[in-house]
Amino acid sequence: QVQLVESGGGLVQAGGSLRLSCVASTRTFSNYNMAWFRQTPGKERDFVARINRSDGVTYYADSVKGRFTISRDNAKNTVYLQMYSLEPEDTAVYYCAADRVGLPITTTEGYDYWGQGTQVTVPS
């Protein structure tokens with residue numbers, strides 16, 4: 001069982017930046033593929049970014065490519081999502097996810113473990 005705790009959300013003006021963090025409670029963090037998803041009320045949880053456990057390869061949704069960066073620090077059991085040039089459309093609850101296999105990469109079915117979410121609000 002892996003527990004994930006996100007932090008770093010908040011209110012930021014359009015064009016601003018935020019860094020989200022997610023700490024995992026496991027001794028084998030390096031064995032997990034890590035991802036970020038986001039969700040707005042009444043909509044499905046959408047893929048944002050993913051970083052592989054083994055090779056560190058990253059994947060991004062087209063809507064955030066070039067603005068967001070996912071990274072991980074295995075020594076700290078932490079995955080980050082650095083967000084730049086934030087837009088009102090980025091407003092959502094952001095969730096951290098983990099899975100040993102992590103397939104499919106871009107859907108919620110690929111991940112067994114989820115955090116409680118952190119709210120990001122970018123006013124229009």
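What you are looking at is a predicted structure, and each value in this text was computed from that prediction instead of being measured.
Both the sub-6.0 Å distance and the 45° axial angle are satisfied by R45 relative to the ring of Y95.
For D55, there are no salt bridge (charged side-chain N to carboxylate O under 4.0 Å, His left out) partners, not counting sequence neighbours. Residues passing the side chain to side chain contact (heavy atoms under 4.5 Å, CB included) test with K43, sequence neighbours excluded: T40.
For the atom pair D46 CG and E44 CD, the distance stands at 7.0 Å (nearest 0.5 Å). Here the straight-line distance linking atom CZ of R19 with atom CE of M83 works out to 11.5 Å at 0.5 Å rounding. Between atom CE of residue M34 and atom OG1 of residue T78 there is a gap of 9.0 Å, rounded to the nearest 0.5 Å. Note: N77 CG to T26 OG1 = 6.5 Å, rounded to the nearest 0.5 Å. Here S25 contributes atom OG and L4 contributes atom CG; the two are 7.0 Å apart, rounded to the nearest 0.5 Å. With values rounded to the nearest 0.5 angstrom, I51 atom CD1 is found 12.5 Å from I105 atom CD1.
No donor-acceptor pair closer than 3.5 Å links the side chain of Q39 to the backbone N or O of V93. At distances below 3.5 Å, at least one donor-acceptor pair connects side-chain atoms of T91 with backbone N or O atoms of V122. Y84 places no side-chain N or O within donor-acceptor distance of the main-chain N or O of G66, the cut-off being under 3.5 Å. Here the side chain of Q82 pairs no donor or acceptor atom with the backbone of I70 at under 3.5 angstrom.
Linking ILVMFWY residues whenever their side-chain heavy atoms come closer than 4.5 Å, directly or via other members, places V64 and Y94 in the same cluster. Cluster annotation: L18 and V79 are assigned to the same hydrophobic cluster (Ile/Leu/Val/Met/Phe/Trp/Tyr, side-chain heavy-atom contacts under 4.5 Å, transitive).
The neighbour count for E87 CD, taken as heavy atoms of other residues, nucleotides or ligands under 6.0 Å away, is above 12.
Listed here is the closest heavy atom pair of K65 and Y60: CE-O, 3.7 Å. Contact record, S30 with R72: CA-NH2, 3.9 Å, taken as the closest heavy-atom pair. Of all heavy-atom pairs spanning G115 and E6, the tightest one is CA-OE2, 3.2 Å. Nearest heavy-atom pair, L20 versus G9, reported as atom, atom and distance to 0.1 Å: CD2-N, 3.6 Å. In this structure, D90 and R38 approach most closely via the heavy-atom pair OD1-NH1, 2.9 Å. Taking every heavy atom of both residues into account, Y80 and D73 meet most closely at CE1-CB, 4.1 Å.
Counting heavy atoms from C-beta outward, P123 and Q13 have side chains that approach closer than 4.5 Å. Side-chain contact check for L81 versus V48: some heavy-atom pair is nearer than 4.5 Å.
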Original post:
So T121 and V12, side chain to side chain contact (heavy atoms under 4.5 Å, CB included) or not? Walk me through it.
Top reply: CA-CA 6 Å; T121 302; V12 61; over 6 Å; no

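Y59 and R50 share no side-chain donor-acceptor pair at under 3.5 Å.
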Please list, one pair per line, the donor and acceptor atoms closer than 3.5 Å that link side chains of residues 96-103 to other protein atoms, with sequence neighbours excluded.
unit_1, atom_1, unit_2, atom_2, d
D99, OD1, D112, N, 3.0
D99, OD2, V101, N, 2.8
D99, OD2, G102, N, 2.8
R100, NE, Y32, OH, 3.4

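Outside the 6.0 Å centre-distance limit, the rings of F68 and W36 are not counted as a close aromatic pair.
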